[in-house]
Amino acid sequence: MSLETDFPKAYVASEHESRLYEMWESSGVFKPQGEGAPWSLVMPPFNANGNLHMGHALVCTLEDIMARYHRMKGDRTLMIMGTDHAGFETQIVFEKKLVKEGRSRFQMTQEQFREETLAFTMANKQNIEGQVRMMGTSADWDTNRFTLDPKVVERVYRTFRKMYNEGLIYRGNRIVHYSVKYRTAYSDIEVLHEDRNDPLYYIKYGPITIATVRPETKFGDKTIVVHPEDERYKEFVGKSYKVMIATGEEVEMNVIADEAIKPEFGTGAMTITPAHDPIDFEIAERHNLPMTPVIGLDGKLLPIAGEFAGLKAAEARKLIAARLQELGLIEKVDESYIHSVALCYKSLQPIEPMLMPQWYVKVRPLADRAIESIEKGEVVYYPEGYKRIQLDWLKGLRDWNISRQIWWGIPIKDAMPENPEVANDPDIFDTWFSSAQWPVAVLEAMGEQYLQEFYPTTVMETGRDLIFSWVTRMLMMGLYLRDEVPFKNVYFHGMVNDSQGKKMSKSKGNVVSPVELSAKYGTDALRFGLIIGSAAAGDLPLPEEKIVGGRNFANKLWNIARFVTMQLNGRNFHDLPSPVAVTDFDETILAQLESAEAEVSNHLENYRFAQALQQVQGLAWQYFADIYLEGAKNQKEGDQVDDNTVAILFKVLTSTLKLAHPFIPFVTEAIWQQLSDYIPEQKGMLIAERWPSA
RNA sequence: GGGCUCUUAGCUCAGUUGGUAGAGCGCUUCGUUUACACCGAAGAUGUCAGAGGUUCGAGUCCUCUAGGGCCCACCA
């Protein structure tokens, strides 16, 4: 072996990474090994509609660190990768693509659209799976699943049937959040709120004036509601009289009383629009009043609006207000009124509350069960503050709308083809309804023995933004289906930001691609940059300097190994004496190694990844390279470092490689393979080595 | 309206159970000794936002103030 050719001065990641990954994958080491305790992690299924982004890269890194650590510790480690068809999200991505091509889904049949979207999704799935491999992710690819795999879909349908038969799923006709732009209903969680300033119009209905921000919805109103205790209006309750409305028509209005009215708001009186407001809807239900639609699913006013019919609701508002003004029906306008407006999370356009039938999950029993489990400590949260956030959310949770008026996803109708109520429904499941069952579905797909051994999984690692949409729902569904929590620990990571700590976004042009950075600096460098100096659930800025630091660290390790190899002078490790602490130097480095082993393990057991990595770096660079190794040079007699020192160098090097491996798997494995020339009896792979335990 | 969180070296941020402040990058000076210039040596830089409290001892716990950020919320 020649140093210059076989052990070049610089570590060039691109020359090693894909080869090493193939070596690992084909060796079968990603599968559960040995007789140790089971340790399992189900990765968040990646949306198969684009490229790997930094959030994904962080997921791969954090989760792979855990998996590699536990594998080396001797646990029966299982890391499960998966991809998500991501219903609505993918539909939007694909529709944008269609628009760019000058096409539209409305020129296609649903079947055509699904076929093309499937092809698009499968291509992206393959793409992203390659990028997950690029990240060094040591997932067992035999367990890799897609949310549209027949076994997964069948699980979703079985769950639906079970819940339907037990009364936990029902079809309800009530007010839902509706996106006019995307023509679909949402669950509560897909809605954002923003404070906006809109005029509050005080409109005269005969003797009673009401306040509203939405005069455009008032065409069907037949009822004025006041609080039963309100002295101002007591004489009117139960009576009716004719008033003029915006169309110029005379309409009969009835006055009723209901507790839902707050006397201190506006004039203490309002008219109700049951088909377009949740509170009004409830009042109408209580009093058995008609519910007349005023706005169509296209967001335009219906014929009931007379001359305003066909206008978009928002455009109509000003025109209608002007007409009311002309007719002398406006008492005053409060221009400074600020209220919270519900917005579509995707388009940021106002939500239009609509009365329409949807499928709901009756969440109370499921949520109560989840609350019980959390309070009993069956799930441990990192950071722990998220436990309460989750509990609070569960306590206030309302029934979950799981149907979407979209084209891409799992069709509801096939869940119960024999049941007309289900079989005639054209809707698609909310993606989260299937991903909520993911841990059960993926383990079950491998067979009952996987569920037995690996459910509950050890840890769920995901972004803190998914706490409600995914984590809580998995908890509820896992408990429902298996009577056991789906994971024993939850670790939340934060959002990856740019070097200034700003959120990455396409419009700001500050998005950095993990694929490009990996190609430029190596995956280890990227992994290092993502982990160093970060904390659980904390947002993490990712300046390129951090990644450069990672590359430099990889190179440092490489050169430490190069130096140690040179000291061997062609001998085998076997020829060296067992390392003994002779000098103070020896004693110090061996003690430092031992304490680093303990601390890195302790940090990793407690999900303190950044601190663990900092320990490794400090040991390797400062204690080992700068101090011990430099000392060893000075101690040289002639050309030769004494054998005991070489033995210590070798021991510390190999132990350091083990400690560093979970974080920067490629360079450590590459070095290990180089070293194996000197350790004839250890021809194996570092990934399969035993973790050094102090 | 409710809740959470942050304010630590020039910059971006760590700091597990309270025990005389840390990393990376940057900066100053020096060094091309055959592991590494993707390097080494030496060095400078912080009343840990402000005020008060608990404690033998607080960046770390409590209260308040100021200024950021985030999440939740069916106030017509």
Side-chain angles (χ1 to χ4, degrees), chain A residues 3-4 7-12 175 177 188-189 191-193 195 200-201 210-214 217-218 225 260-262 264-273 277-283 337-340 342 351 353 383 385-386 388-389 392-393 396 398 464-465 467-468 494-495 497-501 503 521-522 525 528-529 532-535 537-567 599 602-603 605-608 610-614 617-618 621-622 625-626 629-630 632-634 636 639 649:
Chain A
L3 270 184
E4 286 310 316
F7 214 143
K9 286 170 92 158
Y11 172 70
V12 181
I175 298 284
H177 308 292
D188 293 343
I189 222 172
V191 175
L192 302 176
H193 297 268
D195 280 350
L200 181 64
Y201 302 97
I210 64 106
T212 183
V213 283
R214 301 206 65 189
T217 65
K218 297 292 165 202
V225 192
I261 302 300
K262 289 176 192 151
E264 65 277 10
F265 184 92
T267 61
M270 69 176 204
T271 63
I272 54 167
T273 312
D277 184 282
I279 292 173
D280 296 7
F281 172 79
E282 283 172 17
I283 294 172
Y337 181 63
I338 291 172
H339 66 144
S340 166
I351 286 288
Y386 281 74
R388 228 196 70 196
I389 294 174
D392 287 349
W393 193 75
R398 296 182 303 169
R464 56 147 203 261
D465 55 325
I467 181 168
F468 304 132
M495 305 295 109
N497 293 329
D498 72 3
S499 58
Q500 309 302 312
K503 194 173 174 181
Y521 297 108
F528 180 99
I532 199 77
S534 67
D539 286 343
L540 51 126
L542 185 65
E544 204 155 319
E545 293 81 54
K546 275 187 172 181
I547 299 168
V548 171
R551 181 203 55 183
N552 293 354
F553 181 50
N555 191 243
K556 189 74 186 179
L557 279 179
W558 179 261
N559 276 287
I560 291 170
R562 196 163 177 264
F563 175 81
V564 173
T565 305
M566 288 169 75
Q567 309 317 309
E599 291 204 33
N602 185 26
H603 285 315
E605 292 290 340
N606 291 287
Y607 305 93
R608 295 189 294 260
Q611 291 169 76
L613 177 53
Q614 199 166 310
Q617 194 189 15
W621 206 315
Q622 198 186 330
D626 289 349
L629 198 144
E630 290 299 324
K633 278 190 205 166
N634 295 336
K636 272 189 190 181
D639 242 7
L649 284 169

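Computed from a predicted model, the values in this text were never measured in an experiment. Naming: A, B, ... by sequence-line order, numbering from 1 per chain.
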ask   = Between the side-chain atoms of Lys262(A) and the base atoms of C75(B), is any donor-acceptor pair under 3.5 Å?
value = no
request  = Test for a donor-acceptor pair under 3.5 Å between the base of A35(B) and the side chain of Lys633(A), counting only N and O atoms.
outcome  = yes
query = In the structure shown, which nucleotide is the Watson-Crick or G-U wobble counterpart of A23(B), with both distances under 3.5 Å?
reply = U12(B)
Between G31(B) and C36(B) - C1' atom distance, rounded Å = 15 Å
request  = Describe, in one word, how the ring planes of Trp621(A) and Phe553(A) are oriented to each other, choosing from parallel (under 30°), tilted (30 to 60°) and perpendicular (over 60°).
outcome  = parallel
ask   = Watson-Crick or G-U wobble partner for G1(B), using a 3.5 Å limit on both distances?
value = C72(B)
Stepwise side-chain hydrogen bond (donor to acceptor under 3.5 Å, both in side chains) check, Asp188(A) with His177(A) = CA-CA 7 Å; Asp188(A) 293 343; His177(A) 308 292; 3.0 Å; yes
ask   = Looking only at atom P, what distance separates U29(B) and G18(B), rounded to whole Å?
value = 44 Å
inquiry  = Donor-acceptor check, side chain of Asn559(A) to backbone of Asn555(A), threshold 3.5 angstrom: yes or no?
reply    = yes
message = Base, sugar-phosphate or nothing for Gln611(A)? Non-hydrogen atoms, less than 4.0 Å.
response = sugar-phosphate
Could you list the protein-to-nucleotides 3-10 of chain B atom pairs, N/O on both sides, closer than 3.5 Å?
residue	atom	partner	partner atom	Å
G3(B)	O3'	Arg388(A)	NH2	3.1
G3(B)	O2'	Arg388(A)	NH2	3.4

task = Scan Ala625(A) against the nucleic acid and name what it touches under 4.0 Å (heavy atoms): base, sugar-phosphate only, or nothing.
result = base
query = According to the Watson-Crick and G-U wobble definitions, with both distances under 3.5 Å, which nucleotide is paired to A44(B)?
reply = none
query = Would you say Asp277(A)'s side chain and Ile279(A)'s backbone share a donor-acceptor pair under 3.5 angstrom?
reply = yes
ask   = If you measure from the P atom in C39(B) to the same atom in C25(B), how many Å do you get, rounded?
value = 8 Å
ask   = What interatomic distance, in whole Å, is found between C1' of U17(B) and the corresponding atom of G59(B)?
value = 16 Å
key: Strand partner of A66(B), provided both Watson-Crick or wobble distances fall under 3.5 Å   = U7(B)
ask   = Using a cut-off of 4.0 Å on non-hydrogen atoms, how would the nucleic acid contact of Leu629(A) be classed: base, sugar-phosphate, or nothing?
value = base
Spacing of the C1' atoms in G3(B) and A76(B) (rounded, Å) = 26 Å
key: Rounded C1' spacing from U7(B) to U12(B) in Å   = 14 Å
message = Need one value for Ala211(A): base, sugar-phosphate or nothing, where a base atom within 4.0 Å counts as base even if backbone is also close, heavy atoms only.
response = base
ask   = With a 4.0 Å cut-off on heavy atoms, is Phe553(A) in touch with a base, just the backbone sugar-phosphate, or nothing at all?
value = nothing
message = Under 4.0 Å, heavy atoms only, any strand: does Ile261(A) hit a base, just the sugar-phosphate, or nothing?
response = base
query = Relative to the ring of Phe468(A), is the ring of Trp393(A) parallel (under 30°), tilted (30 to 60°) or perpendicular (over 60°)?
reply = parallel
